[in-house]
Amino acid sequence: MSNEHAPLLAHGVCGLSVDTAVCGMGGSEGTGEASTPNAVPRKLNTFFGVIVPTVLSMFSIVLFLRTGFVVGHAGLLQGLVMLLVAYTIISLTILSICAISTNGAVQGGGAYFMISRSLGPEFGGSIGLMFFLAKVCACGVYVLGLVEAILDIFGQDPVSSSALRVLPQGYWYTVLYSSIVLLLVLLVCLVGAHIFARTSFLILLVVTISLLSIYISPMALTTPLNFLISHQGPGNQTLTYNASYTGFNGTTLRDNLGSSYTVDYSTGKVMSFASVFAVMFTSCTGIMAGANMSGELKNPSAAIPKGTITAVLYTCIVYVLLFILASSTCERTLLVQDYGFFQRINIWPPFVSIGIYCSALSAAMCSLIGASRILHALALDQLFGFPLAPAAITSSSGNPWVAVLYTWGLAQCVVFAGQLNAIAGLVTVFYLLAYAAVDLACLALEWASAPNFRPTFQVFSWHTCLLGILSCLVMMFVINPVYSSASIILLLLLLLFLHYRSPTSSWGYISQALIFHQVRKYLLMLDVRKDHVKFWRPQVLLMVANPRSSCQLINFVNQLKKGGLFVLGHVKLGDLDTLPSDPVQQQYNFWLSLVDKLGVKAFVDLTLSPSVRQGTQHLLRITGLGGMKPNTLVLGFYDSCTPEDYFLQDPAFYESEEAGGDDFGVDLPSLQAHFPPVRHVESPRWLTPEEYVGIISDAIKMSKNVCLGRYFFQLQGESMGTKMDGAERIIDVWPLNLLRPGSTSAASVDVCSLFLLQMACVLNMASRWRHARMRIFLCVEAESSDQGWVVKEETFRELLRKLRIRASIKIVPWDSVVQLYGQKQTQDAELGELGLMRPAPALSEDFLSAVNCLLMEHSAQAAVRFLYLPRPPTHSSQSQQYLSQLEAVTHGLGPTLLIHGLTPVTCTEL
């Protein structure tokens with residue numbers, strides 16, 4: 001776990017490596033806060049670092065400028081329902097935040113750090129960027145709300161003759177004022193989060209005094225008040241409304257209980273439950289303000305849960321009391337037509353104005369700082385490469401000033417919306433999506449049942465996480481289906497982009513834990529006793545001595561597996577008793593990197609053994625789990641050919657060596673150096689003929705099918721980058737035992753012959769062989785007197801029809817070959833009468849040469865040939881003879897697979 005807080009390895013997603021020196025990170029090597037938490041002093045405690053910014057972010061504009069908007073349009077009952085729904089959603093999310101933040105050390109980046117370290121870089125990066133955009137938009141909302149409050153007092157009004165109303169109004173003036181306010185926010189944020197955190201406490205005191213004045217005012221103002229409210233209507237006409245403040249009044253409360261959705265005077269649109277809830281929910285989007293300050297907290301794992309829960313409870317009580325107060329003292333017209341009505345009914349209106357300015361300004365600064373910290377964390381992790389690289393630069397005090405500038409620039413674009421209510425829906429959708437992602441992270445950790453997920457905060461379950469996700473998604477589409485769909489599509493695009501372009505992280509992937517959990521469950525359900533021939537597929541163990549000379553065979557078997565298990569096996573000679581440690585464990589990364597380079601879907605299984613034969617026995621017995629165990633052993637051919645070095649032929653193994661290693665620290669030179677050079681002619685062999693044939697015998701005794709591959713270094717078009725559908729390829733199948741002519745009757749098709757046909761069909765179904773032509777050769781004695789081979793040919797055609805094998809049948813007369821076999825049998829019989837009989841009859845060189853010529857004559861143009869592999873001899877003394885016979889028959893043929901099948905694999909029924 002030493003690399004738990006390390007950034008992503010190697011390169012960035014844009015294909016450009018990020019030079020940490022250029023990014024201003026000096027000697028930190030790009031780890032920044034994530035790996036060197038002591039580089040930036042942590043000064044903030046729970047109150048100043050979590051409670052204060054969270055409360056201020058949740059009060060923001062809605063507290064003073066949108067309470068009347070919500071109660072006036074929705075009424076008290078629906079307003080309380082909105083509060084209940086909103087606080088239920090954020091409460092469920094807070095439970096997830098508390099669980100994740102108390103499960104380990106939380107570094108800079110807050111919500112992004114928690115999501116990325118829980119779900120991995122793809123989800124973390126995409127959600128982190130979405131959450132960053134949400135904070136940017138929220139900053140724009142707060143700035144626009146502040147300008148709206150300023151214009152309510154100082155903006156020019158044709159009805160009022162006040163000397164204070166000197167500021168001209170209009171869209172471009174609003175943008176100008178917003179830009180000035182945003183510039184002020186930028187200057188404060190450039191000073192640093194620590195000074196802001198200290199000043200925010202003073203701001204909270206001011207806001208609290210303003211709130212107290214609002215609560216006290218109805219008790220002091222006991223007489224009703226009437227107000228004349230004017231707005232600029234369509235066609236430059238002025239709309240005037242008479243509104244009243246009644247004080248605490250039962251009739252006023254009854255009138256305000258129900259909803260009455262009307263036109264919003266700031267946007268000119270008719271409001272609804274969804275649009276009002278979208279505005280109201282912006283008051284709940286500050287729950288992560290404390291989490292976003294995690295890089296400055298002394299003890300984030302303890303401060304974030306305590307501070308966030310305390311702040312949410314406090315704000316919930318304040319909002320409920322304000323809703324009741326507004327609906328009990330003000331007529332609906334006042335609430336709907338003047339969003340700043342608290343100033344009109346306050347004992348001293350400047351109290352409210354100061355509270356609005358302070359809360360809006362602090363919320364804007366908190367959003368700007370929180371967004372910049374998220375962007376800074378994204379830059380440190382190098383998820384988006386060069387575009388975000390400058391955002392990793394920090395000042396000497398640790399303030400990410402470049403990230404602050406990035407955020408300010410985007411927030412400046414947001415203020416061009418001109419109206420708070422116009423972008424409230426978008427902000428709410430972004431936040432709900434971020435909250436759903438936090439719930440998803442906690443749910444995934446809970447479902448993965450990882451032993452290391454032991455949060456000290458225990459008040460949560462997978463039910464709360466799932467309910468939080470569903471609540472967020474439902475409310476997203478209730479608020480605005482278009483924004484919701486667009487945000488989810490953007491999230492998926494970012495997710496795919498990071499999945500295919502980002503390097504591997506050292507944080508751990510929740511997907512791996514979930515996959516492990518599910519695979520284990522399904523492996524237990526995969527019962528070998530329920531196997532059926534209809535669903536048989538090859539599950540291959542390919543023994544590889546040196547991949548330099550075996551890559552073509554590896555690629556070929558990858559096409560032959562038909563979605564089944566494919567394992568590369570290797571035996572390292574040695575005895576663990578004489579070694580200080582297991583040398584096999586150090587080799588896995590190199591073999592897995594080889595699999596990645598070749599682009600094959602294979603597992604790797606290595607073992608240490610005194611002999612290759614014993615090691616192969618180990619792998620045949622223990623490779624796989626449950627119903628996923630190899631049923632077929634594939635070996636390279638044992639001959640005297642000098643192997644070729646595939647690493648010198650494939651550009652993937654010798655080009656772009658300067659491009660760096662893979663995501664697991666294995667570069668190309670290391671990969672090449674790990675695997676030894678190919679064997680020379682004079683080099684000693686680690687495997688004797690007796691041991692090689694013994695491996696074949698062992699596999700047959702263990703009921704495994706056996707395939708021997710020869711000349712596959714000549715096979716072209718099997719590498720990963722080759723695009724080929726096999727249109728010009730030919731697959732030749734010789735399903736009968738050519739070394740035993742007595743058993744080659746067309747009617748005597750045994751299990752081995754059917755297995756051979758099945759393997760050829762499997763290859764013909766592979767992507768690069770699907771259009772290849774398959775030919776089946778039947779050897780017959782055409783000169784025989786009974787001419788029974790004609791009937792047997794029809795029998796074989798009927799068999800192919802039942803097996804649904806599409807192939808052309810070629811009849812090959814081989815009377816002359818059979819005669820040579822018969823002569824040898826006669827000689828062996830004479831030797832037997834003289835008492836000179838050998839343990840098993842040997843085949844004459846003439847016969848073997850004739851079989852080879854027969855194959856060369858008819859299969860010279862084939863891309864690959866499937867031949868019947870006879871059983872190996874029982875006596876080890878005949879191993880060399882057995883191999884010599886196979887070598888003579890296949891000499892010069894080209895890519896050939898000799899197959900001995902034991903498993904019934906064909907089915908003619910449904």
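We use all heavy atoms of the structure for the numbers below, so side chains are in, but hydrogens, waters and symmetry mates are not.
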Q | CA sep, side-chain torsions, deciding dist, call: Gln412, Ser179, side-chain hydrogen bond (donor to acceptor under 3.5 Å, both in side chains) | A | CA-CA 7 Å; Gln412 181 63 56; Ser179 301; 2.6 Å; yes
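- Nearest approach of Ala274 to Val478, heavy atoms of both residues: CB-O, 3.0 Å.
- For the side-chain contact (heavy atoms from CB on, under 4.5 Å) criterion with Leu63, the lone passing option out of Val318, Leu56, Ile214 is Val318.
- Taking the six-membered ring where the residue is Trp, Phe273 and Phe277 present parallel rings, their angle staying beneath 30° rather than reaching 60°.
- Residue Ile89 comes nearest to Cys472 through the heavy atom pair CG2-SG, 3.5 Å, listed as atom of the first residue, atom of the second, then distance.
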Q.
One pair to check against side-chain contact (heavy atoms from CB on, under 4.5 Å): Leu225 and Phe227. What are the steps and the verdict?
A. CA-CA 7 Å; Leu225 300 174; Phe227 306 102; 3.7 Å; yes
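- The pair Arg344-Asp338 meets the salt-bridge criterion, since a charged nitrogen lies less than 4.0 angstrom from a carboxylate oxygen.
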Q) Given Ser353 and Gln343, is the side-chain hydrogen bond (donor to acceptor under 3.5 Å, both in side chains) satisfied, shown in steps? A) CA-CA 7 Å; Ser353 299; Gln343 299 176 59; 2.9 Å; yes
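- Side-chain contact check for Thr246 and Thr252: at least one donor-acceptor pair (N or O, by modelled atom type) lies under 3.5 Å.
- Classification of the Tyr435-Tyr431 ring pair by plane angle, with boundaries at 30° and 60°, yields tilted.
- Two residues are said to be in side-chain contact when any heavy atoms from C-beta on lie closer than 4.5 Å; Leu335 and Val70 fail this criterion.
- Between Phe69 and Tyr339, the distance separating the two ring centers is shorter than 6.0 angstrom.
- When side chains are defined from C-beta on, Leu129 counts as touching Phe384, because their heavy atoms get closer than 4.5 Å.
- Evaluation of the ring-ring contact (aromatic ring centres under 6.0 Å, His included) test over residues 168-191, restricted to residues two or more places apart or in two chains, returns none.
- Residues Phe341 and Tyr245 keep their aromatic ring centres 6.0 Å or farther apart.
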Q) Given the rule in the side-chain hydrogen bond (donor to acceptor under 3.5 Å, both in side chains) test, do Thr315 and Tyr87 qualify, once you have shown the distances and angles that lead to the verdict? A) CA-CA 10 Å; Thr315 57; Tyr87 273 83; 3.0 Å; yes
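- Side-chain contact check for Thr333 versus Asn242: every heavy-atom pair is 4.5 Å or farther apart.
- Ring centroid separation for the pair Phe64 and Phe59 does not come in under the 6.0 Å cut-off.
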